[in-house]
Structure formats: structure tokens, C-alpha cells
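These notes are about the structure you will find just below.
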Amino acid sequence: MDSNVLTAVLACAGTLAGSLGGILASAKLTNFRLRQLEERVKVHNTLVERMVQVEQRSKSNTRRLDKVEEG
């Protein structure tokens, strides 16, 4: 086999290996970031649900106080 052909084949193999390695590393990082983002969204949604409950209690307590003040 000619040395030029062997060099081209090895260069192509190295390029493919490097590209695949980069793609896999990028995909791993993207998945990690997505999991972190999903966890933050979950925490935020929990906070929103709790705030809705607090607002409902506040309205209820305000009505009760208004009734007490009237009576």
C-alpha cells in the first residue's frame, strides 16, 4: 500500500474518531443541563402551587376579618 494512501486512511479515521467523540461529549453535556433545568422548573412549579395556596388562605382570612369587624 502506498504511504500516501495509508496516511489518508489514518487521517480519515482520526477525524471520524475525534468528531464522534466531540458529538458524544456535547450530547452528554446537553443532557446534563436539561436535567438540571427540569429540576429547577420542578422546584419553581412547586413554589407557584404553594403561593396559590397562600393567596387563597389570605383571601379567606381577609373575609373572616371583615366579618368580625362588621359584627
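Along the sequence shown, the residues carry numbers beginning at 1.
One finds the OG atom of Ser19 at 6.0 Å from the CD1 atom of Ile23 (value rounded to the nearest 0.5 Å). Between the CD atom in Gln36 and the CD atom in Glu38 there is a gap of 11.0 Å [rounded to 0.5 Å]. Taking NE2 from His44 and CD from Glu49, the interatomic distance works out to 11.0 Å, rounded to the nearest 0.5 Å. The distance from atom CG of Leu20 to atom OG1 of Thr15, rounded to the nearest 0.5 Å, is 11.0 Å.
Grouping Ile, Leu, Val, Met, Phe, Trp and Tyr residues whose side-chain heavy atoms lie under 4.5 Å apart, directly or via other members, leaves Val54 alone, with no other cluster members.
Leu10 and Val5 fall within the same hydrophobic cluster, defined by Ile, Leu, Val, Met, Phe, Trp and Tyr side-chain heavy atoms under 4.5 Å apart, directly or through other members.
Side-chain atoms of Thr30 come within 3.5 Å of backbone atoms of Ser26 as a donor-acceptor pair (strictly under, hydrogens ignored).
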Practice problem: Apply the test side-chain contact (heavy atoms from CB on, under 4.5 Å) to residues Lys42 and Asn45: give CA-CA distance (whole Å), side-chain angles for both, the deciding distance (0.1 Å), then the verdict. | Solution: CA-CA 5 Å; Lys42 191 183 301 183; Asn45 287 343; 5.8 Å; no
Self-check item: Residues Leu47, Arg50; criterion side-chain contact (heavy atoms from CB on, under 4.5 Å); working and verdict
Solution: CA-CA 5 Å; Leu47 175 66; Arg50 290 190 336 223; 3.7 Å; yes
